[in-house]
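One structure below.
Below, each value reflects all heavy atoms present in this structure, side chains not excepted, and no hydrogens, waters or symmetry copies. Everything numeric in this text was worked out from a predicted model, so none of it was measured.
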Amino acid sequence: QVQLVESGGGLVQAGGSLRLSCAASGRTFSRYAVGWFRQAPGKEREFVAAISRLGVNTYYADSVKGRLTISRDNAKNTVYLQMNSLKPEDTAVYYCAASQAEIVTTTPRTYDYWGQGTQVTVSS
């Protein structure tokens with residue numbers, strides 16, 4: 001089993017940056033693909049970015065391409081989401097999730113473990 005803890009959220013002005021971290025427990029973190037999802041009030045949870053087990057492949061939602069970068073350090077059991085050029089529409093609770101699936105997906109139901117989320121608020 002994997003436990004995930006997100007950190008790094010906060011309040012930032014439009015155009016600013018934040019770096020989210022997702023720290024995982026356990027010694028088999030490299031067996032999991034990891035995704036970031038977000039959920040704004042009154043909206044469904046949506047895919048943001050994902051990274052394969054060894055960090056070779058990354059995937060992004062069209063709305064964040066060129067602004068957000070996902071990376072991982074398996075030695076530290078941590079996945080990062082660097083967020084630049086933030087917009088008010090990026091405001092949401094951000095969740096990281098781990099998947100044992102062979103193929104990295106963008107569908108929340110295919111992820112096995114979830115963190116508690118961290119709030120990101122972008123003011124205009």
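- Atom OH of Y80 and atom OG of S7 lie 9.0 Å apart (nearest 0.5 Å).
- Every residue meeting the salt bridge (Lys or Arg N to Asp or Glu O under 4.0 Å) condition with K65, not counting sequence neighbours, appears here in chain and number order: D62.
- Both Y32 and L4 belong to a common hydrophobic cluster when Ile, Leu, Val, Met, Phe, Trp and Tyr are linked at side-chain heavy-atom distances under 4.5 angstrom.
- In the hydrophobic clustering of ILVMFWY residues, with side-chain heavy atoms under 4.5 Å counting as a link, V2 and Y111 come out apart.
- Distance check, rounded to the nearest 0.5 Å: OG1 of T110 to CD of Q100 gives 11.5 Å.
- A donor-acceptor contact shorter than 3.5 Å is absent between the side chain of T118 and the backbone of E6.
- Taking hydrophobic clusters as Ile, Leu, Val, Met, Phe, Trp and Tyr residues chained together by side-chain heavy-atom distances below 4.5 Å, V48 shares a cluster with Y60.
- Pairing each heavy atom of V5 with each of Q116, the nearest pair is CA-OE1, 3.8 Å.
- In this structure the side chain of L86 reaches within 4.5 angstrom of the side chain of L18, judged on heavy atoms.
- Note: Y94 OH to C22 SG = 14.5 Å, rounded to the nearest 0.5 Å.
- Of the residues listed (D73, I70, L20), the one engaging V79 in a side-chain contact (heavy atoms from CB on, under 4.5 Å) is I70, and it is the only one.
- Nearest approach of D90 to R38, heavy atoms of both residues: OD1-NH1, 2.9 Å.
- Within a 6.0 Å sphere centred on CD of Q119, heavy atoms belonging to other residues, nucleotides or ligands number more than 12.
- Residues R53 and S30 form no side-chain contact, since every pair of their non-hydrogen atoms from C-beta on lies 4.5 Å or further apart.
- When all heavy atoms of W114 and P108 are compared, the pair lying nearest together is CZ2-O, 3.4 Å.
- With rounding to the nearest 0.5 Å, the separation of CD1 in I51 from CG in N74 is 8.5 Å.
- Closest non-hydrogen pair, A92 versus A40, comes out as CB-N, 3.8 Å.
- S52 contributes atom OG, which lies 12.5 Å from atom CD1 of I103 (distance to the nearest 0.5 angstrom).
- Panel note: side chain T107, backbone T105; no donor-acceptor pair is recorded below 3.5 Å.
- Between the side chain of D112 and the backbone N or O of A101, no donor-acceptor pair lies under 3.5 Å.
- With rounding to the nearest 0.5 Å, the separation of CZ in R109 from CZ in R45 is 15.0 Å.
- Between the side chain of R67 and the backbone N or O of S85 there is at least one donor-acceptor pair closer than 3.5 Å.
- In terms of the ring pair (Phe, Tyr, Trp, His ring centres under 6.0 Å) criterion, Y95 has no residue partners (sequence neighbours excluded).
- A search for ring pair (Phe, Tyr, Trp, His ring centres under 6.0 Å) contacts involving F47 returns F37, not counting sequence neighbours.
- When side chains are defined from C-beta on, W36 does not count as touching M83, because their heavy atoms never get closer than 4.5 Å.
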